[in-house]
Amino acid sequence: DQSNLAYSVGITLDRFIKLKQSDFPFASGELSQLLRDIALAAKIVNRETNRAGLANIGGAFGQTNVQGEEQQKLDVIANIRFMRALSKGGEVCAIVSEEEDAVIDLKNNSGKYVVAIDPLDGSSNIDVNISIGTIFSIYRRKTPVGSPITEADIMQPGNQQVAAGYVLYGSSTMLVYTTGCGINGFTYENSLGEFFLSHPDMKAPEDGKIYSINEGLEQEWEPAIAAYVRQCKAEKLQSRYIGSLVADFHRNLLKGGIYLYPATQKNPSGKLRLLYEANALALLIEQAGGTATDGHRRILDIQPESLHQRTPLIIGSRNMVEQVKGLIQSTPMEK
Ligand code: P6P
């Protein structure tokens, strides 16, 4: 109703973070500041994303910089922007980024938090104007503040996340995140430069009528996945696959549905990355009442062994994911 709309439009992300901080009586405000730093970088990347096509036109819009540098790819720009925001804020001691081979040690030993981030996932979709996204996970460091970071700080399972979220640069730009007490969605109002609470306390429908999978890889699926997709077709579910993880995930979260990126011959451990793609979405979907598995294990319980390790990902409405898990358990793998 109108009063509710007025109420929710009135709450900016900053105000919401402050309100929610009181949920954590011992909060020192550093996580709140870190969330604000991420939101600021998201606003900047949003602007760069919207200009991407024009920036390539160069001189016509006076956009060529003095060095006449070749227009950088948007995912490189996004990485720089998020790195800068995360290092300037002072709360972070280490960053794992899809764009960086090694861990970025900020040499800020007083920083309490470790961030794993995919600054711009699906960047192959930018040139064709399809929605893209940023995905991030936030962990508390395991080693004492003041000491140098170690592998123990970085190789944490997803169940150790203190916060996680994504930014969807779509027909509108949204920030969706959790700090472990449910998930909330904010929509960016360009003219005001603010994120406003638009989707309070989001819940994943238990069931759905949408399945998302790259059917072009059907020949490479294990039998259980093929059996599940056959069932979806027998039930006349809707096939919706954008090929941009955050966009597919967000639509299925809102409407109910399942996203599957199973193991394939080309990617025997799946294509998606555990540390900065699967873990964040797995925490979000569980906070919203859904499920995320690699087919055998809860995503959040997987102990990482390497920074950029991949994982199969089956995520979305609880009943749909449980159905796939049941098929995997009961369908023998081909010899
Ligand atoms: P495929 C984009 O490259 C991405 O990482 C995800 O955003 C997306 O869901 C997936 O890969 C698409 O992969 O093999 O179907 O093109």
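The model shown is predicted, which means the values in this text are computed figures rather than measured ones. Order of listing sets the numbers, starting from 1, for every ligand and every atom in it.
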>> I'd like to check which ligand 1 atoms, numbered from 1 as shown, lie under 4.0 Å from a non-hydrogen atom of N214.
In response: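 Counting from 1, the qualifying ligand atoms are 1 (P), 14 (O), 15 (O).
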>> Which of the numbered atoms in ligand 1 are under 4.0 angstrom from any heavy atom belonging to S244?
In response: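 Counting atoms of ligand 1 from 1, those under 4.0 Å from S244 are 7 (O), 9 (O).
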Test item: [X] side-chain N/O and [Y] main-chain N/O as donor-acceptor pair under 3.5 Å:
X    : Y    : answer
Q160 : L300 : no
E277 : L274 : no
T12  : R15  : yes

Output a table of donor-acceptor pairs, distance under 3.5 Å, between side-chain atoms of residues 88-97 and any protein atom two or more places apart or on a different chain; print 'none' if there are none.
unit_1	atom_1	unit_2	atom_2	d
S97	OG	N79	OD1	2.8
S97	OG	E99	N	3.0

Who's the nearest protein heavy-atom neighbour of [atom], and how far?
atom                    : value
atom 9 (O) of ligand 1  : Y259 OH, 2.7 Å
atom 14 (O) of ligand 1 : Y261 OH, 2.6 Å
atom 11 (O) of ligand 1 : K271 NZ, 3.0 Å
atom 15 (O) of ligand 1 : Y241 OH, 2.6 Å

> Aromatic rings F16 and Y177: how do their planes relate, parallel, tilted or perpendicular, breaks at 30° and 60°?
Replying inline: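 Rings of F16 and Y177: perpendicular, as their planes differ by over 60°.
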>> I need the minimum non-hydrogen distance between Y169 and T134, along with the two atoms involved.
In response: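 Heavy atoms of Y169 and T134 come nearest at OH-OG1, 2.8 Å.
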Pairs of nitrogen or oxygen atoms closer than 3.5 Å, one from [X] and one from ligand 1: do any exist?
X    : answer
L245 : yes
E277 : no
D248 : no

>> Counting only heavy atoms closer than 4.0 Å, does ligand 1 sit against the backbone of D121, its side chain, both, or neither?
In response: side chain
>> Could you walk me through whether N267 and S269 satisfy the side-chain hydrogen bond (donor to acceptor under 3.5 Å, both in side chains) test, starting with their C-alpha distance in whole Å, then the side-chain angles of each, then the deciding distance to 0.1 Å, before giving a yes or no?
In response: CA-CA 5 Å; N267 288 303; S269 303; over 6 Å; no
